[in-house]
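Scroll down for the structure; my scribbles are underneath it.
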Amino acid sequence: MDANADTPAALRLAQDPEADELLSRSRLAALTGMLLDQQVPMEWAFKGPATIAHRMGTDDLDAHEIAAQDPEAFAALLSEKPAVHRYPGSMAKRIQQLCQYLVEHYDGDAEGVWRGVGTGAELLKRLQELPGFGKQKAQIFLALLGKQLGVTPKGWREAAGAYGEAESFRSVADITGPESLAKVRAHKQEMKAAAKAAKTGGM
């Protein structure tokens, strides 16, 4: 399967039917959810795109529209109760930066990031160039593209690192329902405990 594959997928990252439906059909929503996935529960992060769309009075996210929003008004939109993120102001700024980048480099088309990409390494590079996407976040999203969205350029698993491994439960790339969500959460807790133990032991 090449990097242009557009396989219909039913993502279940938010564990909420309406939010997951948007994530499944909107690549910008999926990218935005990935951007929000820090310092909050995974489901909360991936429910964010649907909340933003709803508050903007639309059923999808549009990079051009979000990029052109007044920053203060957009921050206020994310800050409404319940807030889209623990840090709605800073995340509003990051989402706008992401959309502005997509408008500038890909004419606002999120799929343009991976359309026509020949290798996993090239795709990882493109993802890391997105505002707010460090290497780890880029690798996790690359793994999500490969495992659930049919975007499988040559070497994608290697480029995604440990997140690209088959039969693993390390990240959102491996969540397909409540059972796998529980396994990923357990893995994250194990990693956190191990890091804490290592830090304590090194003191």
Side-chain angles (χ1 to χ4, degrees), residues 1-16 19-38 42-43 45-50 52-53 60-63 66 94-95 97-99 101-177 180-181 183-185 187-188:
M1 196 178 289
D2 68 17
N4 298 317
D6 187 18
T7 308
L11 296 179
R12 296 182 66 188
L13 307 178
Q15 306 291 302
D16 174 273
D20 283 330
E21 191 275 328
L22 176 59
L23 293 171
S24 300
R25 64 180 163 83
S26 169
R27 298 301 174 249
L28 177 56
L31 270 178
T32 302
M34 190 73 239
L35 184 65
L36 289 166
D37 186 22
Q38 57 192 60
M42 291 174 281
E43 308 97 297
F46 282 94
K47 192 173 180 180
I52 294 168
D60 200 354
L61 297 183
D62 183 288
I66 292 173
R94 287 190 183 190
I95 291 169
Q97 288 172 339
L98 172 64
C99 289
Y101 183 90
L102 291 173
V103 168
E104 186 180 338
H105 296 270
Y106 299 102
D107 194 28
D109 179 13
E111 285 190 57
V113 177
W114 50 89
R115 186 178 293 116
V117 166
T119 67
E122 184 186 349
L123 176 50
L124 179 62
K125 180 175 178 289
R126 286 194 185 186
L127 288 169
Q128 282 187 260
E129 287 169 352
L130 297 175
F133 277 70
K135 185 175 181 182
Q136 183 184 44
K137 195 178 284 288
Q139 285 186 313
I140 292 172
F141 195 78
L142 197 161
L144 177 66
L145 287 170
K147 291 180 176 183
Q148 299 200 47
L149 296 174
V151 180
T152 55
K154 185 178 179 182
W156 72 270
R157 286 190 187 275
E158 291 77 8
Y163 301 108
E165 293 174 7
E167 307 295 322
S168 66
F169 294 94
R170 295 177 184 274
S171 71
V172 296
D174 305 302
I175 296 173
T176 54
S180 50
L181 171 64
K183 289 181 180 178
V184 169
R185 181 155 284 140
H187 174 78
K188 284 178 177 282

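Remember, it's a predicted structure, so these values are computed and weren't measured experimentally. FYI, side chains are in, hydrogens and waters are out, and symmetry mates aren't considered; it's all heavy atoms of this structure. Index from 1, following the sequence.
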#### Entry: Backbone N/O of Gly164 and side chain of Arg157: donor-acceptor pair under 3.5 Å
yes
### Query
In Å, rounded to the nearest 0.5 Å, how long is the span from CG of Leu102 to OH of Tyr106?
8.0 Å
### Message
Run Leu13 and Lys47 through side chain to side chain contact (heavy atoms under 4.5 Å, CB included) and show every step you take.
### Response
CA-CA 8 Å; Leu13 307 178; Lys47 192 173 180 180; over 6 Å; no
### Query
What distance separates Ser24 OG from Gln148 CD, expressed to the nearest 0.5 Å?
9.0 Å
### Message
If I compare all heavy atoms of Val117 with all of Val113, which pair ends up nearest, and what's the gap?
### Response
CG2-O, 3.6 Å
### Message
Any heavy-atom pair between the side chains of Leu11 and Leu149 that's under 4.5 Å?
### Response
yes
Counting only pairs under 3.5 Å, give me each side-chain donor-acceptor contact of residues 140-147, with atom names and distances, residues two or more places apart or in other chains.
unit_1	atom_1	unit_2	atom_2	d
Lys147	NZ	Tyr163	O	2.9
Lys147	NZ	Glu165	O	2.7
Lys147	NZ	Ser168	OG	3.3
Lys147	NZ	Asp174	OD1	2.5

### Query
Are the side chain of Asp37 and the backbone of Ala45 linked by a donor-acceptor contact shorter than 3.5 Å?
no
### Message
If you compare all heavy atoms of Ala19 against all heavy atoms of Ala14, which two are closest, and at what distance to 0.1 Å?
### Response
CB-CB, 3.7 Å
### Message
How about CZ on Arg94, more than 12 heavy atoms from neighbouring residues, nucleotides or ligands closer than 6.0 Å, or not?
### Response
no
### Message
Go through it in stages, so that I can follow the logic: the residues are Leu123 and Val151, the test is side chain to side chain contact (heavy atoms under 4.5 Å, CB included), and I'd like the CA-CA distance, side-chain angles, deciding distance and then a yes or no.
### Response
CA-CA 10 Å; Leu123 176 50; Val151 180; 4.2 Å; yes
### Message
Applying salt bridge (Lys or Arg N to Asp or Glu O under 4.0 Å), can you list everything that pairs with Asp62, at least two apart in sequence or on another chain?
### Response
none
### Query
Hey, is CD on Glu129 packed in by over 12 heavy atoms from elsewhere, all under 6.0 Å?
yes
### Message
Side chains of Glu43 and Asp16, heavy atoms from C-beta outward: is any pair under 4.5 Å?
### Response
no
#### Entry: Least distance between heavy atoms, Pro153 atom then Thr119 atom
CB-C, 3.8 Å
### Message
Counting only heavy atoms from other residues, nucleotides and ligands, does the tally under 6.0 Å from NZ of Lys154 exceed 12?
### Response
no
### Query
Ignoring hydrogens and geometry, is there a side-chain-to-backbone donor-acceptor pair from Arg126 to Gly112 under 3.5 Å?
yes
### Task
Could you go through the side chain to side chain contact (heavy atoms under 4.5 Å, CB included) check for Met34 and Phe133 one step at a time?
CA-CA 9 Å; Met34 190 73 239; Phe133 277 70; 3.8 Å; yes
#### Entry: Stepwise side chain to side chain contact (heavy atoms under 4.5 Å, CB included) test for Phe46 and Leu23
CA-CA 8 Å; Phe46 282 94; Leu23 293 171; 3.8 Å; yes
## Note on the structure
By side chain to side chain contact (heavy atoms under 4.5 Å, CB included), Gln128 pairs with (sequence neighbours left out) Leu124, Lys135, Ala138
### Query
Does a side-chain heavy-atom distance below 4.5 Å link Leu35 with Pro131?
no
### Message
Please report the interatomic distance CG(Asp20) to CZ(Arg25), rounded to the nearest 0.5 Å.
### Response
12.0 Å
### Query
Is the backbone N or O of Asp109 less than 3.5 Å from a side-chain atom of Asp107, with the two atoms forming a donor-acceptor pair by type?
no
### Query
In Å and rounded to the nearest 0.5 Å, what is the OG to CG distance from Ser26 to Leu61?
5.0 Å
### Summary
Between Lys188 and the options Lys183, Arg170, Met42, the side-chain contact (heavy atoms from CB on, under 4.5 Å) test singles out Met42
#### Entry: CZ-CD1 distance between Phe169 and Ile175, expressed to the nearest 0.5 angstrom
10.0 Å
### Task
Drop me the distance from Ile95's CD1 to Ile52's CD1, to the nearest 0.5 angstrom.
4.0 Å
### Query
Do side-chain atoms of Gln139 reach the backbone of Ala159 as a donor and acceptor pair under 3.5 angstrom?
yes
